[in-house]
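Worksheet for the structure shown next.
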Amino acid sequence: MVQTTITVTVDGTSYTDQVEPRMLLVQYLRETLGKTGTLIGCDTSNCGACTVHLDGVSVKSCTMFAVQADGHEVTTIEGIAGADGLHPMQTAFHENHALQCGFCTPGMIMASIDLLRENPNPDEQMIRDGLEGNLCRCTGYQNIVKAVRSAAETEAAKVELGATIPVGQPS
Amino acid sequence: MIPVAFDYSAPTTLDEALTLLADAGEDGKILAGGQSLIPVLKLRLAAPHAVIDLGRIDALRGIREDGDHVVIGAMTQHHDVATHPLVAEHANLIARATQTVADPQIRHRGTFGGALVHADPAGDLPAAALAMDAVFHIVGPGGERTVAAADFFVDLFTTAVGDNEILTEVRMPKKTAWVSDYQKFTRVAQQWSIVGVAATLRIENGRIAEARIALTNMGSVPIRVQAVEQALIGCAIEEDAIARATASVADGTNPPSDLNGDPDYRRHLATVLTRRAVLNAA
Ligand SMILES: Cc1cc2nc3c(=O)[nH]c(=O)nc-3n(C[C@H](O)[C@H](O)[C@H](O)COP(=O)(O)OP(=O)(O)OC[C@H]3O[C@@H](n4cnc5c(N)ncnc54)[C@H](O)[C@@H]3O)c2cc1C
Ligand code: FES
Ligand code: FES
């Protein structure tokens, strides 16, 4: 089987591996790197469970080949917490009870971080539209929307106080 | 779901890509954003021996103006098209339609050219490109040729782009100060259009001076409705007048029948959505 060599930075660490071109990015993350925090739900680019950031923007890693990430930077749910604890979006999900079974959560959080990067102050409708690509079968979305709103407000308050944890930057 | 194994190449120039495509013969396949092709490969509905990724050819990506045209490179991602100031100013119908495509993650990967060459009858960009009088630039072994939108969409999932050709860019005459709307009817969030209507208008002294109307998923290819475009000329921006001018929009169409609706339902939808699109745009 023909293999291709790729070098990808994942959660801040550079990896060089031989992969088959047909290997999906999500498979590479889970099976080669052991980063099983990124989940596979539908495997048909509908549910968003596999959402990661590619060079800082959200993509569905079940609908991308690992070879396409060669030379790029990938951030997964495992790479967003800083030395001083959870990412503000993780904290917001935790505090607002924005998960039940938790299967959609890694993808929801990655999509939500990207949503605030583009629009730091979204209203409820903008949050619902921005999370259109992520399905949750448990929560009914109410608390997810609340969590994203609360993360936006917390960040806005921090910016006012002159603190500097920009939402959406891989730490 | 895992695709059948294939050879992969990621050329950095168009010439290289054309050579690789020619060498691959019938078994070669272009990969753009992969948002339609990768699902097809995963379902093993296609099993090309050679996949040629255009993702590293910078020259195919970007949006620029060229005199009285706006030019969108085939590999420009939906997200960039939807948010680019030149598109907003001179081709706002394209921005409107692109904003309705799929979801943010898919719009970060999927490309303008990929969606047009894929030519899904429920895809939102073909009707918008048709209404914008787009011209398609295609290169192949014989050099470059241009195809007008009216001749580009040949059938379901079939365009004028041949197996050994690459769509490089799409040029659209600027419709600066035209107003637009894209009405997309779906039952749930993030769904393909059951029916879509693209409308763009030039308004002068409170009346419609020029109009372009095109329909999504009302046939195997997008449909431009010139009879309605004519009927709208001179129309005041007023619901009754616009309803009268657009009433015949579905006449003679042969829309598909599926779980989402039968042909009569779709014809009714097209009429309602065209009225809404024109009123919303104006
Ligand atoms: C869950 C989901 C929902 C979606 N919803 C919508 C929607 O609501 N509306 C909508 O319009 N679209 C929708 N899409 C499709 C999306 O717009 C895709 O981005 C698009 O159809 C294909 O673009 P791509 O760049 O990903 O192309 P690819 O998937 O890479 O390629 C598609 C086809 O075009 C060919 N091709 C691509 N580029 C070129 C080129 N430059 N020259 C020659 N051949 C080329 C490829 O060989 C392939 O056959 C959806 C997709 C998914 C997965
Ligand atoms: S697993 Fe990728 S979108 Fe569902
Ligand atoms: S918490 Fe169970 S799917 Fe969202």
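Quick note on labels: first sequence line is chain A, next is B, and so on, each numbered from 1. The structure displayed is predicted, hence computed values, not measured ones.
The number of heavy-atom neighbours closer than 6.0 Å to CG of B/Asp258, taken from other residues, nucleotides and ligands shown, is above 12. Shown here is B/His49, whose NE2 atom has no more than 12 heavy atoms of other residues, nucleotides or ligands within 6.0 Å.
To the nearest 0.5 angstrom, A/Phe65 atom CZ is 9.5 Å from B/Asp53 atom CG. Atom CE of A/Met64 and atom NE2 of B/His108 lie 13.0 Å apart (nearest 0.5 Å). The CG atom of A/Asn46 sits 8.5 Å away from the CG atom of B/Asp103 when rounded to the nearest 0.5 Å. Remark: A/Arg22 CZ to B/Asp7 CG distance equals 12.0 Å, nearest 0.5 Å. The distance from the CD1 atom of B/Ile38 to the NZ atom of A/Lys60 is 13.0 Å, given to the nearest 0.5 Å.
B/Leu31 touches chain A through its side chain: at least one heavy atom from C-beta onward sits under 4.5 Å away, while N, CA, C and O do not. If you measure heavy-atom distances from A/Ser45 to chain B, the contacts under 4.5 Å come from both the backbone and the side chain. Proximity to chain A (any heavy atom under 4.5 Å) is shown, for B/Val51, by neither the backbone nor the side chain. No part of A/Met110 comes within reach of chain B, as not one of its non-hydrogen atoms sits under 4.5 angstrom from that chain. Residue contact with chain B, scored on non-hydrogen atoms closer than 4.5 Å, is absent for A/Leu135. Only the side chain of B/Leu41 comes within less than 4.5 Å of a heavy atom of chain A; its backbone N, CA, C and O stay farther away.
The two residues B/Ala32 and A/Gln68 come nearest to each other via the heavy atoms O-NE2, 4.1 Å. The minimum heavy-atom distance linking A/Thr63 with B/Gln35 is given by the pair O-NE2, 3.2 Å. Closest approach of A/Gln27 and B/Ile2 over heavy atoms only: NE2-CD1, 3.4 Å. Closest non-hydrogen pair, B/Met1 versus A/Asp43, comes out as N-OD2, 2.6 Å.
Residues B/Gln191 and A/Glu132 are not in side-chain contact: their nearest non-hydrogen atoms beyond the backbone lie 4.5 Å or more apart.
Ranked by heavy-atom pairs shorter than 4.5 Å toward chain B, the options A/Gly71, A/Gly48, A/Cys62 are led by A/Cys62. No other option in A/Asp70, A/Val67, A/Thr44, A/Ile40 has as many heavy-atom pairs under 4.5 Å with chain B as A/Val67.
Side-chain atoms of B/Gln105 and A/Ser58 form no donor-acceptor pair, as typed in the model, at a separation below 3.5 Å.
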**Message:** Please determine whether side chain to side chain contact (heavy atoms under 4.5 Å, CB included) holds for the pair A/Leu24 and B/Lys42, giving the CA-CA distance in whole Å, both sets of side-chain angles, and the decisive distance to 0.1 Å.
**Reply:** CA-CA 10 Å; A/Leu24 300 166; B/Lys42 287 170 74 176; 3.6 Å; yes
